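Proteins come first, then strands; the chains are lettered A, B, ... in the order of their sequence lines, and each starts at number 1. Values in this document were obtained by computation on a predicted structure and should not be read as measured data.
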Amino acid sequence: MSKQNIYKETLNLPKTKFAMKANLAQREPNMLKQWEESGLYNKLREIAAGRPKFVLHDGPPYANGNIHIGHAVNKILKDIIIKSQTLGGYDAPYIPGWDCHGLPIELNVEKKLGKPGVKVDAKTFRNGCRDYARKQVAGQKEDFKRLGVMGDWDNPYLTMDFKFEANIIRTLGKIIDKGHLHKGSKPVHWCTDCGSALAEAEVEYEDKKSPAIDVRFKVIDQQAVLSIFGVDSSELSINAVIWTTTPWTLPANQAVALHPDFDYVLLSTGSELLILAEDLYENAMARYGVEDFEILGRCKGAELEHQKLQHPFYDRQVPVILGDHVTADSGTGAVHTAPGHGQEDYSVGLKYDLEVDNPVGPNGCFVSGTELFEGQYVFKANPLVLEVLKEKNVLLHHEELLHSYPHCWRHKTPIIFRATPQWFISMDQSGLRGLAIAAAQKTVWLPDWGKARIEGMMENRPDWCISRQRTWGVPIAVFVHNETQELHPDTVKLIETIAQRVSENGIDDWFELEAVELIGDDAENYSKATDTLDVWFDSGVTHACVINEREELQFPADLYLEGSDQHRGWFQSSLLTSVAVNDVAPYKEVLTHGFVVDAQGKKMSKSKGNVIAPQKIMKTLGADILRLWVSSTDYTGEITVSDEILKRTADAYRRIRNTARFMLANMDGFDPSENCVAIKDTLPLDRWIIVKAEYLQQEIIAAYEQYEFHLVYQKVHNFCAMDLGAFYLDVIKDRQYTTQEDSVARRSAQTALYHIIEAMTRWIAPILSFTAEELWTLIPGEHPESVFFETWYAFPEEVQDEMDDVYWQQVLKVRVACSKEMEKLRSDKTIGSSLDAEVDLYCDTSNKTLLAKLENELRFVLITSEVRLHDLTDKPEGAVEFEELPGIALIVRASEQTKCVRCWHHREDVGRNSEHPELCGRCVDNVSGNGEVRHYA
RNA sequence: GUUGUAAUAGCUCAAUGGUAGAGCAGUUGAUUUAUAAUCAAUCGGUUGGAUGUUCGAGUCAUCCUUACAAAACCA
């Protein structure tokens, strides 16, 4: 054994069980098991009982498919908030939930079981849906837990729980009671082969050939229109001209729409006068083959509002109306309007109080009583309509047009728009719109543009159609009068009865119910409504079904947090239903995050192949890396992910992990109850880093409170790399290794490390939960089972120090200057380690006084073998000055002294002690004497 | 086409209208005393583009480009 090894054993080298290699993919699942077995979440509830509450209410993901990276971002952000609020001293329960009804699940179950009412009965089908949803929930739950998300996973909420279903119905009852429900009709995508309405997801667009026709609508008050156009008189008849590709909708025509701001011309063909848009008349004339024509006058569309026109083949007059949806890129600038057959026609029709006429039955045939076309299938009626138009001499032109048209995705046949009876939550009949806007104004929206966004939507949105003609959904459990369509007078009471039954038996209870059972003889006149509720209603009422139902939560929630797409979705459905029932928003604060995109800023899609699966990251890098990545981004905008970014994140993780490891390793043998040094007795350098950490903690807490986790990430990483790695830890190595094990010098530094690791483990716990818990078990001293049982670390009281942060910053500047000079010697191989060098500093008075305070310990701060202070006036030639360091010049040279084999400092006194001929004086003292004393660093 | 949000170094983020900064990565070197670690030095920018306003613009205004999101629409 060499002599060096003998002395090596006298050093206090770092030692720890905390592995350098994280092995997160293997380690994390064990930690999860441990959390689960010990019932961590429930224990935490007991510990936090009585604290002020912080309620982050979980928006339910849809129970279908594997979780993707967007889910992961959402859940991790929520988890970081829950955990940081917990550490901040709040009782922050987390009840995860799932959205379980609705079309996507139906479609998947249809593939297995067939269509309800065709291959299977509805009840069997609904059971199939329930099973399917349950399996989806189970799968997603495992992945969410694997992310390290802490919550009541054993008791989540599911919108298909019987009690939940019952409370959906109850909430609907309250909304009815408050007067917000209304029955109306609305055009929906309708497949005549299915005999049913189609959801947006069931519609696909294909090219279709349609007859494109130009039709005359004769002006009734010819004189009035002539004068609007500034024309004195004319014997010729005046016709507005519309252009359409769906002649079969003409029987339902109720108006002709013009654009208020377009210019329209009145032109004469010699045989008649036509009204056409200025920008379109040339095309139209070409289409009609008219070469000789004359413009007689012009006017704005708005001037023609309310003029009456003759329907082309029915004995009725229809008004001219105005709409911004009229465009000038095709047609005539005058739009045939049939509110029963088109969404825009419907909404503009509402403004003008037009009749929503729907003469078409579920099978696509004109209903009995439809003049001229009774019993005809709509697409077969097109030629008949043309014949009638020719007969009446109102058809100006006809050609075939190939255009994009909606088709049924199942039958591949063209679909139609058909007005059907639907249930609506009215925005205005009981003032819901105003209430919602007022409530939105009282809510804090983060980022703040969310407020304008939601307000804009509230101002403009139409009534909410909450009915769906579907099987897997919560019923609109009301009785409707067969003749009047009015609700049963006892509706509110009946709904409570139904809700009680549903909470026992689920929604099947309603579908199987005989009306007689509930309303007795009234059953003759009343029928059960068969529609189900829009699933947005289900999730929208979680404030009633979850927040108000779960004891650990309280209304209104402190925070909702979802992707920014939910302004249109859940934030809005929650706001409307809550305001309808409670007059206030269900949340005090709404936070949104953006969407995950790839390195080029493109959205992730399977077809592009740029998808990064969270499962894969967890299996390779580990959940803590995924969590650290989430924390590192400014999530208010787009969230970028790529292999490079994840690699950088893993680098940052290793830096944090290794810093913690080194601190633990230097606390070997440290028992805080025995060895902690009182703050007033610690060395100034150690006190300084403790105070530094304490101030940093304040910044970190503030960042957590403002949900700015990327600042936490930056600050923690910076602290590890700069304050600790590049300075403090580097400087104290000498003291840790070479002084006596139980010396104040060493214990003082360990005290600092102890306070820092206690604090830092808490700082990272909300983000690097697995790593924090791993660290937690290795921090010296007594601790509760989990870091999450704690609150932010209480640092020892600060003492006023002459050597404050300003002082050390100046010392640091000197250190940087020395490093630069040493680098020169290193590059020409004069020295290797900085301990091979010695430094002469030529200082002005103030700097000399300042540096002299460290006495002969300055060399330890500069990590060099000797430092000598001189007056600046004695500066010799060759002394170097730095712009950043005025008042100091320095010379660095290789030491000529012998190197101590134990501490590696080059010292004059090496070899003076004959028993330890290779040691310097202080090492002799440390090895066989009373040990060296340090005063400053 | 409409509305909203965004664009700063290879990456992640900073910069009350006042000299564009950090950290990481890269490069080079040191280190058998943090060694699949650590330390040091060093390189890196016409702030997406263009016009304004201003003594002065990354920041304010207008337009354009690109991306993301939303609600639609094609009669």
Starting from [atom2] on [N], measure out to [atom1] on [X] and report it in whole angstrom.
X      : N     : atom1 : atom2 : result
A:H189 : B:C73 : NE2   : P     : 7 Å
A:H593 : B:G4  : NE2   : P     : 23 Å
A:Y635 : B:C13 : OH    : C1'   : 15 Å
A:K733 : B:C39 : NZ    : C1'   : 7 Å
A:Y346 : B:A75 : OH    : P     : 20 Å
A:Y713 : B:C13 : OH    : P     : 9 Å
A:E823 : B:C39 : CD    : P     : 14 Å
A:L322 : B:A75 : CG    : P     : 21 Å

Of the candidate nucleotides [options], which contains the atom at the shortest distance from the side chain of [X]?
X      : options             : result
A:K829 : B:C24, B:A30, B:G10 : B:A30
A:V335 : B:A25, B:G23, B:A75 : B:A75
A:D651 : B:C68, B:C24, B:G29 : B:C24
A:R655 : B:U38, B:A69, B:C11 : B:U38
A:W449 : B:A69, B:G4, B:C24  : B:G4
A:A721 : B:U35, B:G23, B:U38 : B:G23
A:A726 : B:A40, B:C11, B:A69 : B:A40
A:I645 : B:U12, B:U33, B:C13 : B:U12
A:R648 : B:A70, B:U33, B:G10 : B:G10
A:T640 : B:A30, B:U12, B:C11 : B:U12

When all nucleic acid strands are considered with a 4.0 Å heavy-atom cut-off, which category describes [X]: base, sugar-phosphate, or nothing?
X      : result
A:Y737 : base
A:M822 : nothing
A:G342 : nothing
A:N658 : base
A:S819 : sugar-phosphate
A:S834 : nothing
A:R657 : nothing
A:R461 : nothing
A:T633 : sugar-phosphate

Q) So, does A:R859 use its side chain to make a donor-acceptor pair with the main chain of A:T864 at under 3.5 Å? A)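 Answer holds: no.
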Separation of the [atom1] atoms in [N] and [M], to the nearest angstrom:
N     : M     : atom1 : value
B:A9  : B:A20 : P     : 15 Å
B:C43 : B:G1  : P     : 46 Å
B:U8  : B:A75 : C1'   : 47 Å
B:U3  : B:C11 : P     : 31 Å
B:C24 : B:U51 : C1'   : 37 Å
B:U28 : B:G49 : C1'   : 37 Å
B:U59 : B:G18 : P     : 11 Å
B:C39 : B:G44 : P     : 23 Å

Now, which nucleotide makes the Watson-Crick or G-U wobble pair with [N], with each of the two distances under 3.5 Å?
N     : value
B:U62 : B:A50
B:C39 : B:G29
B:G4  : B:C68
B:C13 : B:G21
B:G45 : none

Q) With nearest nucleotides of RNA chain B determined for A:G725 and A:H710 from heavy-atom distances, which residue corresponds to the more 5′ nucleotide? A)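 Per heavy-atom nearest nucleotide, the more 5' residue is A:H710.
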Q: Let me know, please, whether A:D565 or A:K647 comes out on the 5' side of the other along RNA chain B by nearest nucleotide.
A: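 Of the two residues, A:K647 wins.
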Using OP1 and OP2 only, check whether a side-chain N or O of [X] sits under 4.0 Å from [N].
X      : N     : answer
A:K603 : B:A69 : yes
A:Y7   : B:U33 : no
A:R815 : B:C39 : no
A:T244 : B:A75 : no
A:K8   : B:U33 : yes
A:R654 : B:A37 : yes
A:R735 : B:U33 : no

Q.
Let me confirm one number: the NE2-CE distance from A:H567 to A:M457, rounded to the nearest 0.5 Å.
A.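 Interatomic distance, A:H567 NE2 to A:M457 CE, rounded to 0.5 Å: 7.5 Å.
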Q: Establish, from distance only, whether the side-chain atoms of A:T249 and A:H336 form a donor-acceptor pair under 3.5 Å.
A: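 Short answer, yes.
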Pair [X] + [Y], salt bridge at N-O below 4.0 Å:
X      : Y      : result
A:E823 : A:K820 : no
A:R568 : A:D565 : no
A:R648 : A:E644 : yes

(Q) For the NZ atom on A:K603, are there more than 12 heavy atoms of other groups (residues, nucleotides or ligands in this structure) within a distance under 6.0 Å? (A)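 Open.
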Q: Check each of A:T771, A:L768, A:T649 against A:I625 using the side chain to side chain contact (heavy atoms under 4.5 Å, CB included) test, and report the only one that passes.
A: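 Only one of A:T771, A:L768, A:T649 forms a side chain to side chain contact (heavy atoms under 4.5 Å, CB included) with A:I625, namely A:T649.
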Q. Can you name the one residue among A:R922, A:R746, A:R902 that meets salt bridge (charged side-chain N to carboxylate O under 4.0 Å, His left out) with A:D734?
A.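 Filter result, single survivor: A:R922.
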Q | Geometric cation-pi criterion A:R657 and A:F18, 6.0 Å radius, 45° cone | A |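 Here A:R657 passes the 6.0 Å and 45° test against A:F18.
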